[in-house]
Q: 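Sharing a structure, written as structure tokens. Questions coming.
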Amino acid sequence: MADTILSVRDLSTRFFTEEGQVNAVENVSFDVEDGEIFGIVGESGSGKSVTALSVIDLIESPGRVTQGEIWYRNADLAEEFRGSKPEAVDGDLVDIRRLPKGVRRSLRGPSFSMVFQDPMSSFNPSITVGEQIAEAVEVQRRARSNPRSTRSRTQGYGLGSLLVDSLLPSKSYVDDESMDRAVELLDQVGIPDPEDRADEYPHQFSGGMLQRAMIAQALAGEPDILIADEPTTALDVTIQAQILNLLRDLQEQEGMSILMITHDLGVIARMCDRVGVMYAGEVVERGPLADIFENPVHPYTQGLLGSIPDVDDPSGRLEPISGNVPSLLDSEMPDACYFADRCPKAMTDCLTRIPEYELDGRHSVRCVLAEQEYDPADAVDSADATDAADQEVSADD
Amino acid sequence: MTEPLLAVRDLQKYYSEQDSFVDSLLGRDPTSVKAVDGISFEVERGETLGLVGESGCGKSTTGETLLRLREATGGAVTFDGTNVFEMDDDELKAFRRDAQIVFQDPFSSLDPRMTVGDIVAEPLKIHGIPESADGESKREWRRDKVADLLERVGLSANHLDRYPHEFSGGQRQRVGIARALALEPEFIVLDEPVSALDVSVQAQVLNLLDDLQEEFGLTYLFIAHDLSVVRHICDRVAVMYLGNVVELGPTDELFESPKHPYTKALLESVPRPSTAEHGRRVEALSGDVPSPRNPPSGCRFRTRCPQVIPPDDLDIEQETYRAVMDLRDALAVGDVNPDHIWDAADPDRADTEAFIEEARARHIDGELRGEVAGVVDTALGHLAEGEPDRAAETLRERFESPCETQRPAVGDASHPAACHLYEGSDEVTVIGTTAGAAAEADD
Ligand SMILES: Nc1ncnc2c1ncn2[C@@H]1O[C@H](COP(=O)(O)OP(=O)(O)O)[C@@H](O)[C@H]1O
Ligand code: SF4
Ligand code: SF4
Ligand SMILES: [Mg+2]
């Protein structure tokens with residue numbers, strides 16, 4: 001079995017908003033192995049993006065990661081902190097949540113990098129694409145030549161303008177060597193005539209080309225883990241095919257791992273080795289692709305698969321999940337399985353918080369059906385399963 | 001066969017766009033965006049015709065123009081035997097009752113200041129319905145009707161006095177559907193009605209649309225980019241590319257035996273949610289969709305088509321031909337900068353052989369042989385001398401494709417495809433349409 005490069009344990013992230021506390025991510029655990037593509041799938045608002053942003057430390061106020069560990073394999077860091085922070089080190093793994101802020105920030109780029117759904121809003125419209133990528137290259141080069149100093153210098157940069165909209169005049173930080181590397185990166189991601197395109201502005205790029213450019217920028221630091229949050233959702237299906245091919249090629253060439261976030265089970269199937277299914281802030285089922293698609297145990301996973309029309313087979317009526325995607329307001333979260341109000345198999349045992357059950361070493365599920373058969377005699381009316389206020393506006397088929 | 005409910009003939013919609021303030025001052029011609037450029041199809045009573053294609057290909061414009069919500073540039077639309085573009089006031093009023101539209105975005109398509117009851121009742125009021133109501137006020141009659149409609153679409157009559165923001169996306173889309181049903185229409189244009197919805201909710205709405213069609217005998221034009229949804233809900237499908245319908249056929253036939261190279265590419269690209277999909281590598285189409293401001297001559301798809309047809313007398317492999325055509329297109333729009341090639345090949349700019357070799361390596365995978373190699377090298381020689389236009393012209397002279405000189409017409413058989421590969425085959429009888437069949441000379 002491949003080594004684990006990232007191991008997230010019991011991660012919770014909350015937003016403290018005017019309407020109340022939003023439990024966006026709740027006790028989420030998963031591993032990403034070397035060279036694999038791990039997928040997170042779920043509907044909008046299920047906590048996928050917040051999970052990714054929590055890993056890369058980009059949660060901003062009013063949000064906060066409130067608990068959990070994020071173990072990352074990095075022998076150098078482990079060595080560095082073994083003496084001073086023994087609780088943050090386990091073998092070659094370090095719990096990056098316990099590292100000093102500056103150190104943690106310096107991991108953006110060489111350790112973790114991220115590609116977002118909307119490339120247009122991720123580039124600064126008034127700086128050429130080449131310069132923005134070169135800037136990311138520049139930051140990484142400094143980091144490599146003098147890690148100590150860069151930890152402070154990279155503050156405010158993040159991944160160049162990819163992550164933080166830098167207000168500093170960018171020109172002064174970009175030299176020819178970085179620009180050459182930017183052109184090389186543009187070439188690597190399949191942008192024709194990269195020398196000229198590097199001098200163009202974001203609006204001169206098509207959506208697909210700009211998505212490639214954003215991937216180039218994310219590669220500048222040669223990351224161990226690339227986080228791709230809905231990287232093809234804004235693209236048409238033929239362009240999506242190009243980008244998915246590109247991501248797979250890059251993953252193989254660079255040997256990196258990818259954390260792939262999407263709502264599209266088709267994209268998951270094509271790209272991912274293992275999958276976590278998120279619902280209402282929790283990972284409700286997790287396992288190798290085949291287990292999730294062929295042997296789903298959680299009724300939500302089953303429902304999701306039953307909801308998608310099959311492009312190769314028109315027969316049959318869709319079997320939607322009734323009801324609506326829940327709100328994640330703490331005050332409305334029931335002390336029950338969060339899916340109970342929509343679950344066709346809800347039983348009395350579901351009216352308590354459900355732990356994660358291991359089915360075998362690789363497949364786990366947050367559902368009582370892991371341990372017991374569905375018993376209709378024990379069924380609860382799903383309306384009773386939650387006292388959430390949104391019940392009365394929910395319309396089911 | 002009975003007369004179709006809706007017949008669209010050579011429909012055109014150009015948007016004009018003044019390029020800049022200066023252009024308008026100088027009275028320059030506005031550039032026109034050929035959003036819909038001569039399309040024809042029919043929708044039979046009780047069927048669902050799908051209109052599928054990528055963003056910007058003209059689907060929504062088609063839907064809105066045929067409903068006369070936008071003014072057509074050319075062509076005709078016949079609804080129930082009457083030309084929609086020539087209707088008088090009474091006819092138009094009746095048409096506005098019989099034909100409805102549901103929009104994609106359930107968040108912006110409902111007025112946030114109106115209650116759901118008023119939103120659904122609005123079309124009734126506008127059309128003065130009911131004319132009379134015995135025993136109760138017109139207002140009460142409408143309230144009952146709206147309550148009934150809400151229940152039909154799976155909402156509750158209790159929701160009447162609520163505002164749109166109190167509903168989820170799926171519920172708002174149901175409200176939009178209830179409003180479209182209020183006037184008891186025969187025909188509804190559904191413009192991406194489930195695209196904004198999560199899959200679990202999308203399935204609820206698709207089932208609802210199915211049920212309503214059966215219950216009220218509705219005819220749908222279903223606009224979508226999601227092929228799985230289209231396969232599920234449509235009886236026949238029209239595939240659009242850059243303002244044209246490129247293929248039209250019964251759903252199962254079109255999905256199981258697609259003809260047009262674009263339809264094939266679309267179907268090939270869709271990621272399937274099954275383990276068999278894992279690691280599947282799609283032969284992705286190269287490049288982007290060209291701008292509808294300046295669409296390619298002949299077949300609109302020729303700049304990306306993997307099957308673009310080489311001249312009869314040329315011995316060339318398909319992939320090589322595609323690569324040469326891509327090079328030519330890039331040269332023609334000034335996308336190949338010889339300076340960069342020189343920098344890599346010979347900074348002294350003397351060794352033309354090295355230049356040609358470098359340029360070939362950059363643009364064409366694999367070996368070139370015989371005549372093809374000769375012509376390509378001559379062209380690249382011109383490029384080396386800083387004459388990309390001459391290079392493009394050299395390539396055009398020898399490599400010109402029938403796909404660029406002739407616009408393929410959509411046939412009138414049951415499953416036509418607008419592609420030269422299918423012309424002259426038995427199943428397709430090409431009909432002349434003013435916008436479609438006319439050969440366009442390459443300029
Ligand atoms: N900046 C924020 N402020 C308040 N709530 C937020 C913020 N960002 C995300 N959330 C909430 O967190 C939950 C999960 O969101 P997200 O991770 O974006 O879901 P997904 O990526 O699965 O669509 C949602 O309820 C969302 O409204
Ligand atoms: S725990 Fe109970 S309610 Fe929750 S998904 Fe499993 S069966 Fe359904
Ligand atoms: S006409 Fe030519 S370019 Fe167009 S689809 Fe057919 S083969 Fe391809
Ligand atoms: Mg998201």
Side-chain angles (χ1 to χ4, degrees), chain A residues 43-45 192-196 206-209 235-245 248 263-273 289-290 293-294 300 303-314 316-325 342 390 392-397, chain B residues 54-55 153-156 158-159 162 166-171 174 198-204 206-208 210 225-229 231-233 251-252 255 265-286 288-289 304 330 335-337 339-340 343:
Chain A
E43 296 179 285
S44 57
D193 205 19
E195 297 95 337
D196 280 357
S206 68
M209 283 297 157
L235 305 175
D236 280 318
V237 63
T238 62
I239 307 297
Q240 164 170 284
Q242 297 173 359
I243 298 293
L244 294 180
N245 283 351
R248 182 166 287 289
H263 69 283
D264 186 333
L265 282 160
V267 171
I268 290 281
R270 185 176 299 168
M271 301 294 289
C272 301
D273 303 298
L289 188 71
F293 279 72
E294 278 156 27
Y300 177 67
L304 208 52
L305 286 162
S307 298
I308 332 171
D310 183 345
V311 75
D312 299 316
D313 174 17
R317 198 174 159 81
L318 300 177
E319 311 225 346
I321 304 169
S322 67
N324 289 299
V325 179
R342 300 175 76 187
D390 67 352
E392 50 182 71
V393 208
S394 90
D396 307 358
D397 277 347
Chain B
E54 296 178 283
S55 54
V153 299
L155 295 169
S156 143
N158 299 331
H159 292 152
R162 295 187 188 218
E166 297 175 67
F167 294 86
S168 67
Q171 291 171 326
R174 290 170 196 268
D198 276 313
V199 280
S200 69
V201 177
Q202 164 182 306
Q204 296 170 4
L206 289 175
N207 282 349
L208 170 68
D210 255 344
H225 67 272
D226 182 330
L227 288 147
S228 316
V229 168
R231 170 126 215 211
H232 182 79
I233 199 153
T251 306
D252 287 348
F255 277 77
L266 272 183
L267 287 173
E268 158 94 0
S269 300
V270 180
R272 271 75 171 169
S274 76
T275 43
E277 178 73 11
H278 190 60
R280 185 167 73 93
R281 214 189 147 78
V282 172
E283 281 307 320
L285 286 179
S286 60
D288 281 308
V289 183
R304 301 172 80 199
D335 263 358
V336 187
N337 188 333
D339 289 343
H340 302 313
D343 287 346

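Computed from a predicted model, the values in this text were never measured in an experiment. Residue numbering restarts at 1 for every chain, and letters A, B, ... go by the order of the sequence lines.
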Q: Which pair of heavy atoms, one from B:H278 and one from A:D273, lies closest together, and at what distance?
A: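 So the minimum-distance heavy-atom pair works out to NE2-OD1, 3.4 Å.
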Q: Looking at B:Q202, B:R304, B:E283, B:H225, which one has more heavy-atom pairs under 4.5 Å with chain A than the rest?
A: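 Maximum pair count with chain A is reached by B:R304.
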Q: Given heavy-atom pairs under 4.5 angstrom as the criterion, report whether the side chain, backbone, both or neither of A:E195 touches chain B.
A: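 Both backbone and side chain.
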Q: Sort out for me which of B:G279, B:G169, B:G170 touches chain A most, counting heavy-atom pairs under 4.5 Å.
A: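 The option with the most such pairs is B:G279.
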Q: Does any heavy atom of chain B fall under 4.5 Å from the side chain of A:I308, the backbone, both, or neither of them?
A: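 Contact with chain B involves the side chain of A:I308 alone.
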Q: Return the set of residues passing salt bridge (Lys or Arg N to Asp or Glu O under 4.0 Å) with B:D252 (not counting sequence neighbours), or none when no residue passes.
A: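 B:D252 satisfies salt bridge (Lys or Arg N to Asp or Glu O under 4.0 Å) with B:R231 only.
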Q: Search all heavy atoms of B:S168 against all heavy atoms of A:N324 and return the closest pair with its distance.
A: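 Shortest heavy-atom separation between B:S168 and A:N324 comes out as OG-OD1, 3.2 Å.
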Q: Using modelled atom types only, decide if a donor and an acceptor are shared between the side chain of B:H232 and the backbone of A:D310 within a distance under 3.5 Å.
A: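 Not confirmed, B:H232 side chain does not pair with A:D310 backbone.
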Q: Taking C-beta and beyond as the side chain, do B:E268 and A:T238 meet within less than 4.5 Å on heavy atoms?
A: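 They are not in contact (no side-chain heavy atoms under 4.5 Å apart), so the answer is no.
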Q: Which pair of non-hydrogen atoms, one from A:S206 and one from B:D288, has the smallest distance, and what is that distance?
A: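 It is OG-OD2, 2.6 Å.
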Q: Can you tell which of A:C272, A:G207, A:P192 has the highest number of heavy-atom pairs within less than 4.5 Å of chain B?
A: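 Between A:C272, A:G207, A:P192, the count favours A:C272.
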Q: If you compare all heavy atoms of A:V237 against all heavy atoms of B:P271, which two are closest, and at what distance to 0.1 Å?
A: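 Reported closest heavy-atom pair: CG2-CD, 4.5 Å.
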Q: I need the residue from B:A276, B:A284, B:A330, B:S228 with the largest number of non-hydrogen atom pairs under 4.5 Å to chain A.
A: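 Of B:A276, B:A284, B:A330, B:S228, B:S228 has the most heavy-atom pairs under 4.5 Å with chain A.
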Q: Does A:N245 reach the main-chain N or O of B:R281 with its side chain, forming a donor-acceptor pair under 3.5 Å?
A: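 No: the side chain of A:N245 does not pair with the backbone of B:R281.
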Q: Checking A:E43 side chain against B:S200 main chain: does a donor-acceptor pair fall under 3.5 Å?
A: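 Such a contact is found between A:E43 side chain and B:S200 backbone.
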Q: What residues form a salt bridge (Lys or Arg N to Asp or Glu O under 4.0 Å) with A:D313, not counting sequence neighbours?
A: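 Salt bridge (Lys or Arg N to Asp or Glu O under 4.0 Å) check on A:D313 returns nothing, list empty.
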Q: For a quick test of reading the model, state the closest non-hydrogen atom pair linking B:S286 to A:Q242 and the distance between them.
A: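 That closest heavy-atom pairing would be C-NE2, 3.7 Å.
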Q: Looking at B:V282, B:D210, B:V201, which has the largest count of heavy-atom pairs under 4.5 Å with chain A?
A: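 Heavy-atom pair counts peak at B:V282.
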Q: Decide yes or no for B:N207 and A:P320: does some side-chain heavy atom of the first lie under 4.5 Å from some side-chain heavy atom of the second?
A: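 Of all side-chain heavy-atom pairs linking A:P320 with B:N207, at least one is under 4.5 Å.
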Q: Please check this pair: side chain of A:D196 against backbone of B:D335, looking for a donor-acceptor N/O pair closer than 3.5 Å.
A: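 Checking the backbone N and O of B:D335 against the side chain of A:D196, no donor-acceptor pair under 3.5 Å is found.
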Q: So, for B:D198 and A:S44, which heavy atoms are closest and what is the spacing to 0.1 Å?
A: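 In terms of heavy atoms, the two residues are closest at OD2-OG, 2.6 Å.
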Q: What part of B:L285 gets closer than 4.5 Å to chain A, counting heavy atoms only: side chain, backbone, both or neither?
A: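 Both backbone and side chain of B:L285 come within 4.5 Å of chain A.
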Q: Would the distance check show the side chain of B:Q204 and the main-chain N or O of A:G323 forming a donor-acceptor pair, the cut-off being under 3.5 Å?
A: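 Checking the backbone N and O of A:G323 against the side chain of B:Q204, a donor-acceptor pair under 3.5 Å is found.
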Q: Under 4.5 Å heavy-atom distance to chain B, tell me which part of A:R248 shows up: side chain, backbone, both or neither.
A: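 The side chain, not the backbone.
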Q: Indicate whether the side chain of A:D193 and that of B:H340 have a donor and an acceptor atom separated by less than 3.5 Å.
A: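 The criterion, which ignores hydrogens and geometry beyond distance, is not satisfied for B:H340 and A:D193.
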Q: Give, as side chain, backbone, both or neither, the part of B:V199 having an atom under 4.5 angstrom from any heavy atom of chain A.
A: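 Both parts, backbone and side chain.
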Q: For the candidates A:E319, A:M271, A:E294, which exhibits the highest count of non-hydrogen atom pairs separated by less than 4.5 Å from chain B?
A: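 That would be A:E294.
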